[in-house]
Amino acid sequence: MGGRARSVDAGRLFYSIHMARHLITLEASGQSFPCDAGDTVLRAALRAGIAFPYECSSGGCGSCQFERVSGDLEELWPQAPGLTPRARERGRQLACQTVPRGDCTLRVRLKPDCQPSLRPTRRRATLVSRTRLTADMAEFSFRAGEPADFLPGQYALLDLPGVAGARAYSMSNLPNDEGLWQFVIKQIGAGRGGMALFEFLQPGDTIGLDAPYGMAHLRLGNDRDIVCVGGGSGISPLLSILAAAARAPELASRRLLLFYGGRTPADLCAPALLARDEALARRVECVTAISDPAYAGAWEGQRGFVHQVLQGWLESAGDASGYDYYFCGPPPMTDALQRLLMLEKRVPTAQLHFDRFV
Amino acid sequence: MPLDIPGLPPLAAFDVGGEIYVTSNVCTHNVALLSDGFFEGDTIECPLHGGCFNVRTGEATQFPCEVPLQTFPVIVEGDDLYTEIKDR
């Protein structure tokens with residue numbers, strides 16, 4: 001009797017493990033890794049330490065395209081802008097928007113740069129506080145049970161109540177053992193992600209937090225000065241990068257620069273955020289710029305888009321290749337910066353660090 | 001494959017049936033790196049918006065790419081590959 005019951009339990013256990021995990025195999029190498037039910041191909045690959053190509057994890061950039069060889073795969077967002085009609089015609093899918101329904105085999109070209117040094121994991125996190133920074137930006141603090149392990153500049157994928165699909169937000173604080181995850185977030189229009197975070201979520205509420213992701217993290221081990229460029233909530237990862245750089249003994253003699261732009265002075269939260277951290281206040285040279293030509297109030301900083309201000313500064317700064325660049329902001333800004341730095345100034349691409357959020 | 005040479009803009013080399021072609025590695029539409037894209041026959045598809053170029057001629061063959069890609073002459077000598085870049 002007892003033996004029979006045990007065997008039923010063992011059978012159930014086997015059944016549930018079997019049902020909850022699928023095996024994904026990469027055609028070229030024959031390498032296989034498990035994927036929990038409901039997890040995307042991309043997240044499962046990175047959890048297994050595989051250098052699957054990706055950038056935004058949000059269906060926007062198209063970096064994580066793969067070809068299905070065999071198996072049943074569900075597309076979470078068939079109209080994702082990251083997949084072009086040509087890619088669809090060729091049977092390609094986005095790994096960040098695809099969930100296996102069973103074992104499957106795929107074809108993809110791995111990208112060594114994408115090898116995760118910290119493998120992403122899921123956790124629950126509780127909202128501790130929400131602090132207004134500007135009319136449309138706030139700093140959110142979440143706490144989780146285990147240490148917050150990430151590299152400065154990386155992002156998390158948040159599952160928010162009432163929101164379909166994960167939202168990517170970059171951490172603004174430093175990795176820590178207390179499980180504190182902070183984000184500077186901008187509310188854009190009446191989007192569901194913003195509504196959930198700014199209107200509905202209350203301190204004490206929990207969300208899903210999957211991290212860390214992203215390649216735009218602080219690189220140590222070279223002797224170049226650091227230039228950060230951002231606008232809006234793009235300050236979030238730059239704050240983390242600068243806070244880590246300001247504390248790194250090997251960067252003690254390095255210049256740390258921040259170019260930060262907004263439409264009007266009321267959008268510029270960077271100076272106040274730098275001032276509250278002694279190390280940042282002491283080390284970071286901050287250049288602020290406003291882009292609204294109609295703004296007629298008092299303003300002593302720069303005018304123009306932040307990439308134009310950087311361009312002007314570089315004219316007098318000597319060799320543009322002498323810096324490492326980190327940038328985060330809207331796509332027109334990242335595109336303009338790439339044109340300026342890659343094509344015009346011929347800065348090696350290995351010195352440009354950004355994740356493309358579309 | 002990408003060719004990153006200090007002082008030069010990013011270049012890419014493509015193997016079309018044993019023949020090597022060198023082009024700019026930067027998409028003329030929106031500055032993505034073409035070496036991250038999909039290469040088929042003599043066509044490189046940009047990873048970002050799916051526009052395409054013929055790597056032998058630089059011709060933009062698929063929307064949204066419209067401006068041709070810069071191409072460079074290639075001389076292969078043994079295992080070495082030479083190309084001629086005229087500075088602006």
Side-chain angles (χ1 to χ4, degrees), chain A residues 51-56 60-67 80-92 94-95 107-114 215 307 319-322 327 331-352 354 356-358, chain B residues 1-15 22-55 58-72 83-88:
Chain A
F52 209 101
Y54 79 106
E55 257 180 57
C56 79
C61 76
S63 303
C64 64
Q65 288 177 44
F66 70 90
E67 276 175 69
L83 206 58
T84 62
R86 180 185 152 94
R88 268 176 239 278
E89 259 169 46
R90 283 162 167 69
R92 295 204 291 260
L94 296 178
R107 191 176 296 140
V108 64
R109 195 175 45 171
L110 299 182
K111 192 177 175 191
D113 290 353
C114 294
M215 268 69 65
H307 68 270
D319 184 8
S321 296
F327 42 96
M333 187 203 86
T334 53
D335 286 348
L337 284 170
Q338 282 184 88
R339 275 183 210 286
L340 169 68
L341 297 171
M342 248 162 53
L343 294 177
E344 215 168 295
K345 300 293 180 188
R346 301 194 174 177
V347 177
T349 50
Q351 287 168 233
L352 309 184
F354 62 99
R356 201 186 303 265
F357 296 99
V358 184
Chain B
M1 63 173 290
L3 304 174
D4 287 319
I5 303 165
L8 293 182
L11 303 175
F14 299 97
D15 179 346
V22 171
T23 73
S24 162
N25 195 15
V26 182
C27 180
T28 58
H29 168 242
N30 236 343
V31 289
L33 289 182
L34 294 173
S35 56
D36 290 337
F38 295 82
F39 184 52
E40 241 178 49
D42 58 7
T43 297
I44 182 68
E45 176 189 327
C46 176
L48 203 51
H49 297 103
C52 295
F53 299 96
N54 182 312
V55 300
E59 183 194 357
T61 56
Q62 171 93 31
F63 188 77
C65 297
E66 292 172 321
V67 177
L69 191 65
Q70 204 175 0
T71 59
F72 302 94
T83 184
E84 190 182 339
I85 316 267
K86 291 193 183 76
D87 218 323
R88 287 164 303 171

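Atom set for the values below is all heavy atoms of this structure, side chains included, hydrogens, waters and symmetry mates excluded. Remember, it's a predicted structure, so these values are computed and weren't measured experimentally.
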Check whether A:Arg109 reaches the backbone of B:Gly37 with its side chain - one donor and one acceptor, N or O, closer than 3.5 Å.
yes

Residue from B:Ser24, B:Gly50, B:Pro9 scoring the most non-hydrogen pairs under 4.5 Å with chain A is B:Pro9

Give the table of side-chain donor-acceptor pairs shorter than 3.5 Å for residues 38-48 of chain B, with sequence neighbours excluded, one pair per line with atom names and distance.
residue : atom : partner : partner atom : Å
B:Glu40 : OE1  : A:Arg90 : NE           : 3.4
B:Glu40 : OE1  : A:Arg90 : NH2          : 3.3
B:Glu40 : OE2  : A:Arg90 : NE           : 3.0
B:Asp42 : OD2  : B:Asn54 : ND2          : 3.4
B:Asp42 : OD2  : B:Arg56 : NE           : 3.2
B:Asp42 : OD2  : B:Arg56 : NH2          : 2.8
B:Glu45 : OE1  : A:Arg86 : NE           : 2.7
B:Glu45 : OE1  : A:Arg92 : NH2          : 2.7
B:Glu45 : OE2  : A:Arg92 : NH2          : 2.5

Contacts of B:Thr83 meeting side-chain hydrogen bond (donor to acceptor under 3.5 Å, both in side chains) (sequence neighbours excluded), chain-then-number -> none

Bottom line for B:Ile5: the part with an atom under 4.5 Å from chain A's heavy atoms is neither

Rounded to the nearest 0.5 Å, the NZ atom of A:Lys111 sits from the CG atom of B:Asp36 at a distance of 3.5 Å

### Query
Stepwise, does the side-chain contact (heavy atoms from CB on, under 4.5 Å) test hold for A:Met342 with B:Leu33?
CA-CA 10 Å; A:Met342 248 162 53; B:Leu33 289 182; 4.0 Å; yes

